[in-house]
J.: 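The structure's right below; bear with me while I get my questions together.
In what follows, every heavy atom counts, from backbone to side chain, and hydrogens, waters and symmetry copies are set aside. Since this is a predicted model, take the numbers as computed values, not measurements. Ligands are counted one by one from 1 in listed order, and the atoms in each one are counted from 1 as well.
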Amino acid sequence: MEIGLIGKPSSGKSSFFKAATMVDVPIDSRPFTTIKPNVGIGYVTVDCVEKDFGVKCNPRQGKCENGKRYIPVKLWDIAGLVPNAHLGKGLGLKFLDDIRQASVLIHIVDCSGKTDEEGNPTEFHDPIKDVEFVEMEINEWFSNIIKKAIEKNKIKIKTEKIDIEDLIFNQLSGLGIRKDQIDSCMNFFDFDNIDVFASKLREISKPIIIAANKIDVDGAEKNLERLQKNFPNYKIIPVSAASEIALNMAKEKGFIEYDGINIKIKKGLNENQEKGLNLIKEKVLDKYKTTGVQECLNTAIFYILKKIVVYPVANINKLSDNKGNILPDAFLVDHDLELKDFAYMLHSDIGDNFIGGIDARTNKKLGANYILRNNDVIEILFKK
Ligand SMILES: Nc1nc2c(ncn2[C@@H]2O[C@H](COP(=O)(O)OP(=O)(O)OP(=O)(O)O)[C@@H](O)[C@H]2O)c(=O)[nH]1
Ligand SMILES: [Mg+2]
């Protein structure tokens, strides 16, 4: 599962990335601090099923703390986009190719209004403009890839009787697009106007949510309200990436207890440190409950992509793998996935030799077409 972070320079993409992955990357108020992409692992969080079964899990990836399971997702932090990037402004659009495989994009918007469209300091910049131009540039990038693929095959399309849908699917395989996604846009397909088809397909295959970042800055709240009013159909989440970094660091050093919502300041802080943390509490946590970073990842995966979590086990009685690890894996899968397709996701041999499954909650047998449900714990039976 891959998530791409997009936005203009200095909006806080690398800060969000650092807050979510704990990878130390360069962060600076100067535009184009990031040129080469950063890739790292962040986590979505769910209530682990361990409590349903009265066991303690041993995750192979991520972790489980106080019943919260952290499931890995890949995050990409890339260079900033400027208006007219499709005409070569700034760093152009080429660098977006690093997020071809992303299934969802988080647009990091500077909600403080204190940077202009190119990321330079200003006052009273309107973030509505940023939402509009960044989305426009992303659609241009997408459209260009599709146009190239179609241009390359123009003669084939005209002279041979080939299925245009198949051709598009094959040509766009690098973009991680599913066939049903192309299918649902085909009624917009028109050789003479690829842009409409491209923007529909982009919307479906790479949906965008908005992280209204720098919400800690005075004046940002008004801009958040304006964004929400102007884009009622968008998912907009107030975020303070810088606060999340500060809280994570204070937690790591043992200065505070922090569980994503509450902070408890311990002794031993100097006056400035305490003041800084209290400011985060007052400007961010008391107002918005969280810094928003975790909420963005969870919203992208569970609300937008509608993924569910499934726990495969090798031994249904022990709920373990062959080495005795309890509930070792938590998979993010599509909400309409069938059991046999899940078997193939685990391993092609398991799929090829598939017999059926057992549901750990009911001990009932499950067939190949069983549609997986959230929090299923399942042993897959296969010929060995
Ligand atoms: N007050 C405040 N400042 C922030 C926040 N997030 C980022 N910043 C500041 O904004 C500036 C730019 O942050 P970066 O994370 O480097 O921005 P970027 O989008 O990666 O920028 P480029 O790599 O140049 O495209 C830095 O000075 C950050 O400290 C936030 O939540 N609140
Ligand atoms: Mg950056």
J.: Any salt bridge between Lys283 and Asp218, counting N to O under 4.0 Å?
T.: yes
J.: When Thr291 is tested against each of Ile245, Leu247, Asn248, Val239 for side-chain contact (heavy atoms from CB on, under 4.5 Å), which residue passes?
T.: Leu247
J.: Which protein non-hydrogen atom lies closest to atom 8 (N) of ligand 1, naming both residue and atom, and how far is it?
T.: Lys214 CE, 3.7 Å
J.: Any N/O/S atom from Thr33 (main chain or side chain) under 2.8 Å of the Mg ion (ligand 2)?
T.: no
J.: Tell me whether ligand 1 is touched by Gly7 - counting only heavy atoms on the residue side and a distance under 4.0 Å.
T.: no
J.: In terms of residue, atom name and distance, what is the protein heavy atom nearest to atom 29 (O) of ligand 1?
T.: Ile27 CG2, 3.8 Å
J.: May I ask you to list the atoms of ligand 1 that are less than 4.0 angstrom from any heavy atom of Arg30?
T.: 24 (O)
J.: So, does Ala241 sit close enough to ligand 1 that a heavy atom of it is under 4.0 Å from the ligand?
T.: yes
J.: Check whether any N, O or S atom of Ser10, backbone or side chain, sits closer than 2.8 Å to the Mg ion (ligand 2).
T.: no
J.: Would you please say whether a donor-acceptor pair under 3.5 Å links the side chains of Asn139 and Ser199?
T.: no
J.: Does a side chain donor of either Glu274 or Asn270 reach within less than 3.5 Å of an acceptor in the other side chain?
T.: no
J.: Among side-chain atoms of Tyr43 and Asn298, is any donor-acceptor pair under 3.5 angstrom?
T.: no
J.: I need the nearest protein heavy-atom contact for atom 6 (N) of ligand 1: residue, atom name and distance, please.
T.: Asn213 ND2, 3.2 Å
J.: Measuring from atom 24 (O) of ligand 1, which candidate in Asp28, Ile280, Thr33, Ile6 has the nearest non-hydrogen atom?
T.: Thr33
J.: For the pair Tyr234 and Phe231, name the ring-plane relationship: parallel under 30°, tilted 30 to 60°, perpendicular over 60°.
T.: tilted
